[in-house]
Amino acid sequence: MTVTKGKAREKKNTVKTAKIKVSEKTSPKAVSASDQVKQHDCDPCEALDATFKRQVQGVLGRDENATNDMYSALASTIKLQLLEQWRETRLKDNQYQQKQVAYLSLEFLMGRTLGNALLSLDLTDDTHAALKQYSADLETLQEAELDAGLGNGGLGRLAACFLDSCASLDLAVVGYGIRYEYGMFKQKLVDGYQVEQPDRWLREGNPWEVRMANHAITVPFFGHTESYVDLKGHRHYVWIDTQDVNAIPHDMPVPGFRNGRINTLRLWKAEATDDFDLAEFNDGDYTEAVARKNLAEQITMVLYPNDASENGKELRLRQQYFLSSASLQDIIQRYVAVHGTDFSRFSELNVMQLNDTHPSIAVPEMMRLLMDSHGLNWDQAWAITSKSVAYTNHTLLPEALERWPVRMLKHMLPRILDIIYEINARYLEDVAHHWPGDNDKLAAMSIIEEGHEPHVRMAYLAIVASFSVNGVAGLHTKLLKSGLFNDFYQLWPDKFNNKTNGVTPRRWLAHCNPRLAQLLTRRLGDSWMTDLTQLTALNAFTDDKAFIKQWQAVKYDNKVDLTKLIAQECEVVFEPEMMFDVQVKRIHEYKRQLLNILHVIHLYQRIVADDTEGLQPRCVLIGGKAAPGYAMAKQIIKLANNVAHMVNSDPLVTPFLRFAFLPNYNVSAMEKICPATDLSEQISTAGKEASGTGNMKFMMNGAMTIGTLDGANIEMLEEVGEDNFFLFGLNADEVSQLKPHYNPQQYIQQSPALGHVLEMLKSGHFNLVEPGIFDSIIAAIEDPYDQWMIAADFEAYRVAQEKVSQVYADQHHWTQMSIRNTAASGRFSSDNTISAYRDEIWHAK
Ligand SMILES: *Cc1c(COP(=O)(O)O)cnc(C)c1O
């Protein structure tokens, strides 16, 4: 660690022990995992003190009594601790000793940085100590940090977990993304309806970022192309009269876990170029010039809040090209700085991993840069591009596959469209060769979808150009090969591979669940933090009475903590003695929050009817955001809130059942939720959830899963065994077989419980003063075209939930199962996933 010890003395004279507003919590704080293990070393602690003091006092207007100011002083202190290692890592990687990976993603759902940085640098204890004299409390300061919510959900959070694992595995990986001025919207509830508010996460500045203005890149838009033939007879293309936008890097540190590596997340901010407005300034049109400046800066203003689906927005395409072009130019510049313009080693030394199709416009952009800027011919450029791009698919929902109107590309990115046409023409020769005379095949597989309004199919573009195409769980990859991308699989079987998702055990266990982390470390040592498979050793303790007691105490205390959040945010009192049954994720029909709500209504009816035999008291929690334009998802939120109101206001019901909808679900909320959960709801329609990662966070923290055979649930079940998992419902094959002759009425007749629930919904019991508002939900359940098959799975779900109650009644048994779930979660560390990317796709050290 780099610290300036000489300055540590200064503090004595000036520090007043000002009282900081400390949270009134009196519950005993969990001690960090390393507290117990490590002897306290006070040198770094003093040095930390000194830097911290300078940060507090050195910034004009910083107030020791203001939590926000103290947070930013602490963040700046820790950033200073990072800078030297960060610089060393960068210098080392710039020498290209090992393969460089660029992870291109329109989303990085990072959450907070402070706690994770302290954990990675092993500075948690020193920071606790250094804060003492300020009477400041680390937990309170951590809460002052706003989440970096630059993502929608699973896909963006995956990118964040991957960066953590790459740094911890000492891989030279740069994350490339967009520095959205406004991240994921803040969700408020008004009368039970979702209301979106802008997320001004940069309002008070971002102490973690470093603006790198000297590394700015220029990205062209609009204009037109011309061609000329050189003296040797080669044709060249130029893209001219463009409107250029500056891309300014804002770098965020990504510390590896106690290994000295600090990787970079490079987020691009769009700014107007000087010459953008100069002409108009000179013409005297000042206001037009300023307005145009805003147009350029719009590009990085806001994250699109659609979790899959709703394509076609021009600004979104501009974001995609802006990210792709700036990142590739940056990568090529770094390569050229070492190797010059000899690109023969480029693909041996670089990989670009595309996180879904969002950055797939990088493919023609790479071709453009190699040909138009560096003089390579088509074949040379294609050989390099197609050996350095790899694509990860994230969804099976056909409506989520991105397509862009040709017309839009022609206007915005004319040179790029030309290149896409050329890629397509050459690739279709391969198709024709493989399926001679099959014109339907050509049309079906063409990158250009013909029709009244021709479109570019971005997934096809990504597949054609990539040397690797991967799905994110075993079932997902299998379905890609047999369904959505079957034609491509036949053409290039070797491109396709599976990489089951994972989550980082640093954030999702060590950081968010210090009580459990401490218990694990006391029993197993702390190497589980970098080798999660070591948790299998917990299976030896499932009959250890003392251990079981400790395990239960950890869960109980975590539940007490979550109870406070629920009381604050939902005004519902959860009792830690009751079972915590949780479903948090984006609201989507395929994830079937509706099935969960129907079950809550069923429990409510049983309790009201005094049929409580065998019922275990439960607190049900649902949380998640709906895309602002997704009407059905918003209705489901409203239904949850109305049902919650009825449940929670009936004193006969609340001893058995409580129900809350938590607003504004995000990474920081999940850090409190998953350690406190008993039962994790992973109940998507089989074949629809590509992988899921929330499921893994819960499993690591000892929750039991009730779930379908979907996504990574299948692999979780494989690891933990059927005895420790509540499985129910149709499998993916059964869903697709049932689809053409699905008759929900048949299932409603066969399940009296479902019949009663629907009757009550139809009676308006939950919307007495708002007649008709749930009609569309009721109609969806009874619709033979309900592709989510709510009615078909209800009865199996209800039965599985009865089993849950039975098992929960035997706390000893339940706890044994809980331990086995954590013990079996090692495979779902993103370290494991990234090791497979490294060995099988990236071929990096
Ligand atoms: C893990 C996570 C997700 C993904 O959850 P799924 O259940 O896999 O959809 C979404 N949002 C946040 C904030 C997360 O932490």
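In this text, all values refer to a predicted model and were calculated from it rather than measured experimentally. In what follows, every heavy atom counts, from backbone to side chain, and hydrogens, waters and symmetry copies are set aside. Atoms within each ligand, like the ligands themselves, are counted from 1 in listed order.
The nearest heavy-atom contact from the protein to atom 7 (O) of ligand 1 is Lys585 NZ, 2.8 Å. At the top of the distance list for atom 6 (P) of ligand 1, counting protein heavy atoms only, stands Gly694 N, 3.7 Å. For atom 11 (N) of ligand 1, the closest non-hydrogen atom on the protein side is Tyr665 CE2, 3.5 Å. Of all protein heavy atoms, the one closest to atom 8 (O) of ligand 1 is Thr693 N, 2.8 Å.
Proximity to Gly692 (heavy-atom distance under 4.0 Å) selects the following atoms of ligand 1: 8 (O). The ligand atoms of ligand 1 that sit less than 4.0 angstrom from a heavy atom of Gly153 are 10 (C), 11 (N). Heavy-atom contacts of Gly154 reach the following atoms of ligand 1: 3 (C), 4 (C), 10 (C) (cutoff under 4.0 Å).
For Lys697, the heavy-atom gap to ligand 1 drops under 4.0 angstrom. The closest approach between Lys591 and ligand 1 falls below 4.0 Å for a heavy atom of the residue.
We find that Glu196 and Lys634 are joined by a salt bridge, their nearest charged nitrogen and carboxylate oxygen being less than 4.0 Å apart. Using a 4.0 Å cut-off between charged nitrogen and carboxylate oxygen, Glu209 and Arg179 count as a salt-bridge pair. At a threshold of 4.0 Å, the pair Glu107-Arg157 does not count as salt-bridged, since none of the basic side-chain nitrogens sits closer than that to a carboxylate oxygen. Using a cutoff of 4.0 Å between basic side-chain nitrogens and carboxylate oxygens, Asp561 and Arg515 are scored as salt-bridged. One finds no salt bridge joining Arg618 and Asp678 here, because no Lys/Arg side-chain nitrogen approaches an Asp/Glu carboxylate oxygen to under 4.0 Å.
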Worked check of salt bridge (charged side-chain N to carboxylate O under 4.0 Å, His left out) between Arg507 and Asp164: CA-CA 9 Å; Arg507 182 176 295 264; Asp164 182 84; over 6 Å; no

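Panel note: side chain Ser818, backbone Ala703; no donor-acceptor pair is recorded below 3.5 Å.
The shortest non-hydrogen separation linking Met789 to Val735 is CE-O, 3.6 Å.
By the criterion of a heavy-atom distance under 4.0 Å, the backbone of Asn666, and not its side chain, is placed next to ligand 1.
Considering backbone and side-chain atoms alike, Glu689 places every N or O at 3.5 Å or more from each N or O of ligand 1. Checked by distance only, ligand 1 and Asn695 stay at 3.5 Å or farther apart across all their nitrogen or oxygen atoms.
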